[in-house]
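Here's the structure we're looking at; comments come further down.
Here is how names work: the chains are called A, B, and so on, in the same order as the sequence lines, proteins then strands, and each is numbered from 1.
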Amino acid sequence: MDYQFKTIEKKWQRFWASNQTFKVNNTSDKPKYYVLDMFPYPSGAGLHVGHPLGYIASDVFSRYKRLRGYNVLHPMGYDSFGLPAEQYAIQTGQHPAITTERNINRYREQLDNIGFSFDWSREIRTSDPSYYKWTQWIFMQLFNSFYNTASDKAEPIDTLIHVFEKEGSAGVRAVCDEDVLTFSADQWRHFSEQEKAAELLKYRLAYLKESTVNWCPALGTVLANDEVKDGVSERGGYPVIQKKMMQWSMRITAYAERLLQGLDTVDWPEPLVEMQRNWIGKSIGASVKFTLAGMDDQSIEVFTTRVDTIYGVSFLVLAPEHELVPHITTDEQRGHVDNYIEQTKKKSERDRMADARSVTGAFTGSYAVHPLTGKQIPVWIADYVLAGYGTGAVMGVPSGDQRDYLFAKHFQLPILKILDTQAIEEEADSRKEGVYINSELINGLSYQEAVPKLIAVLEERGIGKAKVNYRMRDAIFGRQRYWGEPVPVYFKDGLPHLIKEEELPLLLPEVDKYLPTESGEPPLGRAVDWKYQGSYEYELSTMPGWAGSSWYWYRYMDAHNSAHFASEEAINYWQAVDLYIGGSEHATGHLLYSRFWNKFLKDIGKVQEEEPFKKLINQGMIQGRSNFVYRLLDENGVGTNTFVSFGLKDQYRTIALHVDVNIVNNDVLNLDKFKASRPEYAQAEFILEEGKYVCGHEVEKMSKSKFNVVNPDDIIEQYGADTLRMYEMFLGPLEQSKPWNTNGIEGVHKFLRKFWRLFHDASGNFSVSDAAATKAELKSLHKIIRKVEDDIERFSFNTSVSSFMICVNELTDLKCNKRAVLQDLVIVLSPYAPHICEELWSLLGNEAGTLSYTAYPTFNPEYLVEDEFEYPISFNGKMRLKINMSLSLDVKDIEQEVLANEDVQRYLDGKTPKKVIVVKGKIVNVVV
RNA sequence: GCUGAAGUGGUGGAACUGGUAGACACGCAGGACUUAAAAUCCUGUUCGCCCAAAAGCGAGUGCGGGUUCGAUUCCCGCCUUCAGUACCA
C-alpha cells in the first residue's frame with residue numbers, strides 16, 4: 001500500500017478523540033510541564049495557513065516533552081468576546097453568541113484537521129458565563145483591594161478602613177488618586193457613608209474616575225492606549241478623539257516597579273522585554289516646585305531627570321491643557337494664549353507628530369521664582385509638553401536640552417552655559433562632563449557630586465524631592481459595547497457597589513439592538529427591566545477585550561471548577577506556564593495586563609508565582625505572497641482581455657492585477673482555472689513565454705483582498721496534515737517572519753513517502769526485518785536522536801526537518817528496513833508527523849495509542865565514534881584538499897603526514913611552510 | 001530620531017562555542033523507466049575564467065576597514081530592510 005495519508009490521518013484523529021489520548025490529570029508522579037498557546041479570537045474568516053505556525057511548534061514541543069516523561073498540560077480555548085462579532089451583529093441583527101459559536105465550530109474543525117494533541121476536555125471560552133463569572137470575580141477582588149506601598153502588595157480595602165478609623169489618612173502609604181483628602185481618625189468616623197465610599201474609591205485597584213479617554217465615535221467606545229495606533233483605532237482604523245468621561249480604571253501603575261523588576265526574571269525575547277520596559281517608561285529624577293511670582297500660594301511642579309541643570313533654567317513650559325494655565329494668564333496675554341490653545345486642540349495627534357520640528361508656544365505673561373536663585377523666569381505654554389506625562393510642566397534648560405534650545409532660540413530666551421565643557425553655539429549639549437559654572441551651590445562640582453547635594457538642599461527647603469516617574473498610565477477598563485463581560489456593579493446614590501459574590505455571574509442581558517441608546521448610553525442601556533434587586537442601575541459599560549485573557553491560563557488548570565476559578569491543588573501543581581508561544585503584537589497589551597493580574601492574584605494569596613509565563617517565544621508572522629497577472633492596455637489605456645506573461649510585460653503597456661495564489665503553481669498560472677475564475681476572464685487570451693504564463697509576485701500581508709490567503713484545509717486535502725506540520729516547521733526559524741510560499745511543500749511530502757517506503761517492500765507490503773542493525777545504520781539513527789533532542793530544546797524546528805530528510809536518505813541508501821532502527825526513528829519523528837508515525841507504530845506491532853507516551857530513545861555516543869577523520873587541509877585559510885587520517889594520531893604525526901603528502905607538496909611548490917596549525921579532529925591550516 | 005531584529009545562490013534556508021560557506025529542500029537543466037503522462041529514480045546546479053573531458057584558477061556571506069594561522073561568526077564605521085516607539089522633560 002502506498003502512503004494513504006487521508007485514511008491514516010482521519011483514523012488517528014478519531015482514535016485520539018475517542019480514547020482521550022491527550023487528557024491530562026492534575027496529579028502525577030511525573031514532573032509537570034505547561035505548554036500554552038495564545039488562544040485565538042475566533043474570527044469569521046477562519047484560520048489561514050499562518051495561524052497554526054505557533055500551534056504546530058508548541059504541539060511538537062508538547063509531544064516531545066511527553067516522550068521525555070513529563071506530565072504535559074497543553075490546552076486550547078477561545079478569546080471569544082470582541083468587537084468583530086459585535087460589528088457583525090450590528091449589521092445583521094444576529095446575536096454575537098450565535099456567530100461566535102459558529103466561528104468556534106469552524107475553528108475547531110480546522111484545528112482538528114491538523115492533529116494537535118490538545119486536551120480538549122479543558123477547553124474554555126471567555127464569553128461563557130461559567131468562565132466570565134470568574135473574570136467578574138477577579139474584578140470584585142480588585143475593587144475590594146488597595147495597594148499598600150509599605151508592604152508593597154495589594155491588601156484588602158478593609159485594612160485601609162481600619163487604618164482610617166485608627167489613625168486617619170496620615171497612617172496610610174498607598175497608591176491612590178492625587179485628590180485624596182487629609183483627615184484624622186475622628187474626622188473619618190464623622191464622614192457620611194457616602195463620603196467614605198467616595199474616598200475609598202480613590203484607593204481601590206478597580207476604580208471609577210473622571211478621565212480623558214480615547215473615544216472612538218465610529219466604534220462608539222473607549223479604547224486603551226495600546227488599541228490606538230497613529231491616532232486611529234487599531235481595529236478598523238477609525239479616528240479617535242480625546243474625551244472626558246467617568247470610567248472604570250485599573251490601577252496598574254501601582255505595579256509599575258514590580259512589572260519592571262519581573263522582566264529580569266523571565267526568559268523572554270529581548271525585543272519584547274525592551275518593549276515592556278519602554279512602555280513602563282521608568283525615569284529617575286526629581287520634582288521641583290517653582291512658586292509663582294506674586295502668587296505665593298500657587299506653584300508649578302516640574303519633573304526633571306537632570307536636576308543638576310537647575311541653574312540653567314531660563315523659562316518654564318506648561319502643557320496647554322495644564323490646569324494652572326487659565327489662572328496665571330495675564331489679561332494682556334489672554335488673547336495669545338487662548339488662540340494658541342485653540343490651535344492645539346484643532347491639531348490631531350497626527351498633525352502634532354507630523355510637524356514635531358516646528359517650534360510653537362505662547363507666553364502666559366506670568367513669572368515663576370527660581371527656587372534657588374530667586375530670579376524671575378517667564379512661564380510659557382507649548383504643545384511639546386504633554387499633559388499626560390510627569391506633571392505636565394517642564395523647566396526649560398536650553399543649554400542641555402535640544403527642544404528647550406530650539407524653543408529659546410525661537411523666542412529669544414536666554415541660553416545659560418552651566419558646565420565648563422559645554423559647547424552650545426550650534427545646539428544643546430546634554431553631556432554630563434566637566435564641572436558646573438554659574439551654579440552657585442554646585443559650582444566646581446561634577447555631575448556625580450552635584451545631584452545628591454541638590455536633592456538634599458531641595459528636600460531640606462521643602463521645594464523638591466527625588467522622584468521616580470513612570471510613563472505607564474492606569475488602564476481604562478470600560479467599553480461602551482455589548483459583547484463583553486458585564487461589570488458586576490450597581491449604583492446607589494451615584495456610587496458604585498458590588499453585587500454579592502453568590503449572585504455571580506452577572507449575565508449579559510438580551511437587547512433589541514447592539515447600538516447605543518438614543519440618549520447615548522451603551523447598548524446595555526437597552527436591556528429591559530435590567531436592574532439590581534429591581535431598582536438599582538447596573539453599570540452599563542462592559543469589560544475590555546483583555547479582561548478575559550488576563551487570567552485564562554489558570555482556568556485551564558481546572559476548567560470545570562464551579563467553586564473557584566481554579567482549585568488550590570491544581571494551581572499548586574501546575575504553578576505557571578513553562579512555555580508560552582504567541583505573536584509579538586501582544587507585547588504591551590495582553591502580556592502586561594496578564595502579568596499585572598497575576599501579581600495581584602498572588603498578593604491576595606490565590607496563586608503562587610510572581611510571573612505567569614516563564615519562557616516565551618514569539619512566532620514570526622507569516623506574510624502573504626501575492627501573485628500578479630499583467631493585463632494588456634490598449635492605446636487609450638483601457639484594459640483588454642489579453643494578459644502578458646511576467647518576463648514579457650516590460651515590452652507592453654500593462655497593469656498588474658492580483659490573481660488568486662491558489663490557481664498558481666510555482667508562479668505558473670493555471671490558464672483553465674484562471675478562465676473559470678471569473679466570467680469576464682472566460683475568453684481571456686495570453687501572451688506566453690516558453691508556453692507558460694509566468695506570474696509576478698510580491699510579499700504582502702495575507703488578506704482576502706490580495707487573493708493570497710492559503711487555507712490549511714486545502715493543503716491538508718492535497719498533502720495531508722503531517723506534510724503541513726512539517727512544512728510549516730521547515731519554512732525557517734520559528735521566530736522569523738516569512739512569506740508563505742506553497743512552492744517547496746512537495747519536498748516535505750516526498751520525504752514522508754520515502755519514510756513510509758522504508759517500512760514497505762517494492763510491492764508495497766509492510767516488511768521489516770528483525771536482523772541486527774549495522775554500524776552505519778545505528779550511526780544514522782543516533783545522529784538523528786541527538787539532533788532532534790538538541791533542536792527541540794532550542795526551538796530550532798526547521799533544522800530537525802532537514803536532518804530527518806538526511807537520515808531517511810541515508811537509510812534508503814543503506815536499504816535499511818530493520819525494526820531495531822525504524823522503531824526508534826518512528827518515536828523521534830512522531831512529534832512532527834504524529835499520524836504517519838502512529839500508523840507505522842501500530843504496524844510494527846505496538847499497542848495503538850501508546851506511541852504518545854512511550855520513551856524517547858536514549859542517545860548512545862558510542863555509535864558516533866569514528867576512528868578516522870577526513871581532515872580538510874587549507875592553505876592560508878583556504879580549503880584545498882582532504883586527507884583521511886586516523887583520529888589517534890597526535891598533532892605532530894598529523895603535521896608530518898600532511899607535509900609528506902604529494903598533493904600538499906604540489907601546493908607548496910617547493911616553498912617551506914611558515915607554520916602548520918593542526919586542530920585535532922577539525923582542520924589543518926598550512927601557512928605559506 | 002531612539003530601541004530591537006535581520007541582510008548568505010534563481011528561491012526557502014544551513015553552518016550550534018572563530019575551523020571544509022551554500023547542508024536539506026524548491027526551482028531549473030539533462031538522463032533512465034513508460035506508447036505517453038504521472039509517479040519514481042539518477043546526474044548536474046554560488047558566480048566568473050579555462051577545458052574535449054578530468055582537472056585547474058580566481059572571486060565570494062549588504063559595503064569599507066580591523067583582529068586572527070583562519071571570520072557568515074569577534075571589533076570599528078557605513079548602507080539597506082523589517083518591527084516597535086515617538087516631542088517622555
Would you say [N] has OP1 or OP2 under 4.0 Å from some side-chain N or O of [X]?
| X | N | answer |
| --- | --- | --- |
| A:Arg403 | B:rC88 | yes |
| A:Lys738 | B:rC82 | no |
| A:Arg306 | B:rC88 | no |
| A:Gln623 | B:rC82 | no |

>> Is it the case that the ring center of A:Phe407 lies less than 6.0 angstrom away from the ring center of A:Tyr384?
In response: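 Yes, the ring of A:Tyr384 comes within the 6.0 Å limit of the ring of A:Phe407, centre to centre.
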Separation between the [atom1] atoms of [N] and [M], rounded to whole Å:
| N | M | atom1 | value |
| --- | --- | --- | --- |
| B:rU72 | B:rA15 | C1' | 8 Å |
| B:rA86 | B:rA21 | P | 47 Å |
| B:rA29 | B:rG22 | P | 25 Å |

Checking all strands, does [X] fall into the base, sugar-phosphate, or nothing category for heavy-atom contacts under 4.0 angstrom?
| X | result |
| --- | --- |
| A:Pro733 | sugar-phosphate |
| A:Val927 | sugar-phosphate |
| A:Arg625 | nothing |
| A:Asp667 | nothing |
| A:Ile917 | base |

Taking the side chain of [X] as heavy atoms from C-beta outward, which of [options] is closest to it?
| X | options | result |
| --- | --- | --- |
| A:Arg471 | B:rA15, B:rU40, B:rA86 | B:rA86 |
| A:Lys882 | B:rG12, B:rU20, B:rA23 | B:rU20 |
| A:Asn798 | B:rC16, B:rA89, B:rA14 | B:rA14 |
| A:Tyr389 | B:rU20, B:rC88, B:rA25 | B:rC88 |

>> Take a 6.0 Å sphere around NZ of A:Lys783 and say whether it holds more than 12 heavy atoms from other residues, nucleotides or ligands.
In response: yes
> Between A:Met702 and A:Met621, is any pair of side-chain heavy atoms under 4.5 Å apart?
Replying inline: no
Going by purine N1 to pyrimidine N3 plus the second Watson-Crick contact, or the G-U wobble pair, all under 3.5 Å, which nucleotide sits opposite [N]?
| N | value |
| --- | --- |
| B:rU11 | B:rA25 |
| B:rC82 | B:rG4 |
| B:rC47 | B:rG58 |
| B:rC33 | none |
| B:rC87 | none |

>> So, taking the atom named CD in A:Glu728 and the one named CZ in A:Phe797, what distance separates them when rounded to the nearest 0.5 Å?
In response: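 CZ of A:Phe797 is found 13.0 Å from CD of A:Glu728.
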>> Checking understanding here: a glycosidic angle within 90° of 0 is syn, the rest anti, so what is B:rG66?
In response: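 That one's anti.
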> On RNA chain B, nearest-nucleotide positions of A:Asn278 versus A:Arg794: which is more 5'?
Replying inline: A:Asn278
> Taking the nucleotide of RNA chain B with the closest heavy atom to each, which residue, A:Lys754 or A:Gly744, is nearer the 5' end?
Replying inline: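 Counting from the 5' end, the first nearest nucleotide belongs to A:Gly744.
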> Between the side-chain atoms of A:Asn925 and the base atoms of B:rC69, is any donor-acceptor pair under 3.5 Å?
Replying inline: yes
> Can you find an N or O donor on one side and an acceptor on the other, under 3.5 Å apart, linking the side chain of A:Lys878 with the base of B:rG58?
Replying inline: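 Per atom types, no contact qualifies.
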>> Do the side chains of A:Asp890 and A:Lys892 get close enough for a salt bridge, i.e. N-O under 4.0 angstrom?
In response: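 No.
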